[in-house]
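These values consider heavy atoms only, across backbone and side chains, with no hydrogens, waters or symmetry-generated copies.
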Amino acid sequence: SGVVIFAARLPTWGNLIIIKHDPLKKVGGKVLYGRYAHVDSMNVKVGQRVTRGQQIGTVGNAFGQWAYHLHFDLSPTTILETQPQHWPGKDQNALLKNYIDPRAFIEQNRP
């Protein structure tokens, strides 16, 4: 659950949604940002509160730039709040500094 802080179209990313997720007690009350990219239709707007399990959009292809898929990132830093388009590319330091493994996080924190 959380609040949509970004929902717009960006070059390369196509439609992009960023949610500032509610702090989790399990991880020390830290705020986490989720980026959902290459979205086809966006079912949410900036400022909207969303809940776990709610459909926020549909999988897309960045308007024909890529094969259909969902690009999903989790960040414990504010990088996605300040730079929604941020991409570390092959910069391992930027990756480790700003992102966490979403699969591991979900497996460890699933209710």
Between [Y] and [X], is there a side-chain heavy-atom distance shorter than 4.5 Å?
| X | Y | answer |
| --- | --- | --- |
| Ser75 | Ile100 | no |
| Val31 | Lys20 | yes |
| Ile19 | Tyr33 | no |
| Val50 | Val44 | yes |
| Ser41 | Asn43 | yes |
| Asn61 | Asp40 | no |

Using the rule that Ile, Leu, Val, Met, Phe, Trp and Tyr join whenever any side-chain heavy atoms are under 4.5 Å apart, tell me whether [X] and [Y] fall into a single cluster.
| X | Y | answer |
| --- | --- | --- |
| Leu74 | Leu80 | no |
| Phe72 | Val59 | yes |
| Tyr99 | Ile5 | yes |
| Val46 | Met42 | no |

Short side-chain to backbone donor-acceptor contact, [X] and [Y], under 3.5 Å:
| X | Y | answer |
| --- | --- | --- |
| Trp13 | Ala8 | no |
| Gln83 | Gln85 | no |
| Glu107 | Ala104 | no |
| Gln108 | Phe105 | no |

query = Salt-bridged, Asp22 to Arg52, with N to O below 4.0 Å?
reply =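 So Asp22 does not pair with Arg52 through a salt bridge.
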Less than 3.5 Å apart, which donor and acceptor atoms pair up between the side chains of residues 91-98 and the rest of the protein, not counting sequence neighbours?
| unit_1 | atom_1 | unit_2 | atom_2 | d |
| --- | --- | --- | --- | --- |
| Asp91 | OD1 | Asn93 | N | 3.1 |
| Asp91 | OD1 | Ala94 | N | 3.1 |
| Asn98 | OD1 | Thr77 | OG1 | 3.1 |
| Asn98 | ND2 | Ala94 | O | 3.2 |

task = Check the angle between the aromatic planes of His21 and Tyr36 and answer parallel, tilted or perpendicular using the 30° and 60° thresholds.
result =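 Answer is perpendicular, since the angle exceeds 60°.
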task = Could you check whether the rings of His69 and His38 sit parallel, tilted or perpendicular, using 30° and 60° as the cut-offs?
result =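 Ring orientation, 0 to 90° scale: tilted.
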message = Could you walk me through whether Arg9 and Phe63 satisfy the side chain to side chain contact (heavy atoms under 4.5 Å, CB included) test, starting with their C-alpha distance in whole Å, then the side-chain angles of each, then the deciding distance to 0.1 Å, before giving a yes or no?
response = CA-CA 10 Å; Arg9 183 177 179 166; Phe63 306 102; 3.3 Å; yes
Spacing of OG1 belonging to Thr78 relative to NE2 belonging to His86, to within rounding of 0.5 Å =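 Interatomic distance, Thr78 OG1 to His86 NE2, rounded to 0.5 Å: 11.0 Å.
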ask   = Looking at CD1 of Ile17 and CZ of Phe6, how far apart are the two atoms once the value is rounded to the nearest 0.5 Å?
value =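 Result: 10.5 Å between the selected atoms.
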message = Within 45 degrees of the ring normal and closer than 6.0 Å to the centroid, is that where the cationic atom of Arg35 sits relative to Trp87?
response =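 Cation-pi check for Arg35 and Trp87: fails.
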Closest non-hydrogen atom pair between Ser1 and Thr51, with its separation =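 The answer is OG-CA, 3.3 Å.
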